[in-house]
Amino acid sequence: MQSAYVVSDLHMFCRRSRWEIHLPALHAAAAGADLFVFNGDSVDFKWSSLPGEEATIRAAMDFFRDFAERYPACQVHVNLGNHDYNHGFIIALDQLAREQRNFSWHPFYLRVGRTFFLHGDVANRKMSHRRLKRYRSRWLHHRNQGALKNRMYDAAFRAGAHVAVARMAFPHRRTLRRVMAYLEDIGHCGETGVDRVYFGHTHVPVSGVRYNGVTFHNGGAPMEGVDFKLLEVQL
Ligand SMILES: [Mn+2]
């Protein structure tokens with residue numbers, strides 16, 4: 001039996017995320033795991049508080065290189081989300097994947113047997129793979145939001161706006177229906193053997209909800225007022 005874990009929406013380098021508090025748990029899990037998936041928005045290029053995109057890429061790559069080097073028996077996978085679909089980051093990930101045997105990255109999804117991992121931004125609206133690619137392409141060279149916008153968002157965040165917005169935008173059934181429609185579009189729906197889907201993005205936790213013969217999981221996000229879990233994965 002393989003041991004596997006998935007974590008989503010760390011939003012590293014965004015100061016509204018408490019990603020650092022969870023690092024010891026991530027390391028402890030990876031130390032005994034065969035597979036570890038970072039399921040998108042692991043790095044937040046839109047809201048990074050580091051001085052510039054280069055600095056964010058460097059810090060992110062230091063993190064992932066160190067993580068993969070420490071646990072050579074663990075296959076480390078980085079699935080991209082919208083916030084880390086960044087041109088320079090993609091080039092750096094590709095380079096690391098060539099150098100580090102146990103490290104891989106995936107622009108849209110990863111399937112391992114009957115288990116499927118994707119970020120979940122396909123739940124924004126009904127999206128085919130073509131529409132997802134078009135939506136993501138707008139993030140490739142997306143500019144950082146800067147200090148002023150970041151401070152304004154801090155204030156809204158303290159008021160809890162993000163929790164209400166996430167719950168309103170992503171009610172369970174509609175979210176699962178949209179993820180399912182995407183799986184059908186790319187030919188990985190129920191009949192092809194996928195029966196477990198792990199996703200993130202919505203910051204609304206989902207724990208083992210069955211929909212159209214598939215079980216869905218979402219570990220939430222490490223933000224104030226939102227539940228967050230590193231999930232142990234059945235393979
Ligand atoms: Mn996202």
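First listed ligand is number 1; within each ligand, the first listed atom is number 1.
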Using a cut-off of 2.8 Å, find all protein N, O or S atoms closer to the Mn ion (ligand 1) than that distance. D41 OD2, N82 OD1, H119 NE2, H201 ND1
I need the full list of ring-ring contact (aromatic ring centres under 6.0 Å, His included) pairs touching residues 57-76, with sequence neighbours left out, sorted by first then second residue. H27-F67, H27-Y71, F36-F67, F38-F63, F38-F64, F38-F67, F63-F67, F67-Y71
Taking the six-membered ring for Trp, are F116 and H188 parallel (under 30°), tilted (30 to 60°) or perpendicular (over 60°)? tilted
With a 4.0 Å cut-off, would you call R58 and D62 a salt bridge? no
Interatomic distance, L10 atom CG to H83 atom NE2 [nearest 0.5 angstrom]: 13.0 Å
Are N150 and W47 close enough that a side-chain donor and a side-chain acceptor fall under 3.5 Å? no
For D185 and R131, run salt bridge (Lys or Arg N to Asp or Glu O under 4.0 Å): C-alpha distance rounded to whole Å, both residues' side-chain angles, the deciding distance at 0.1 Å, then the answer. CA-CA 11 Å; D185 185 61; R131 278 191 82 171; over 6 Å; no
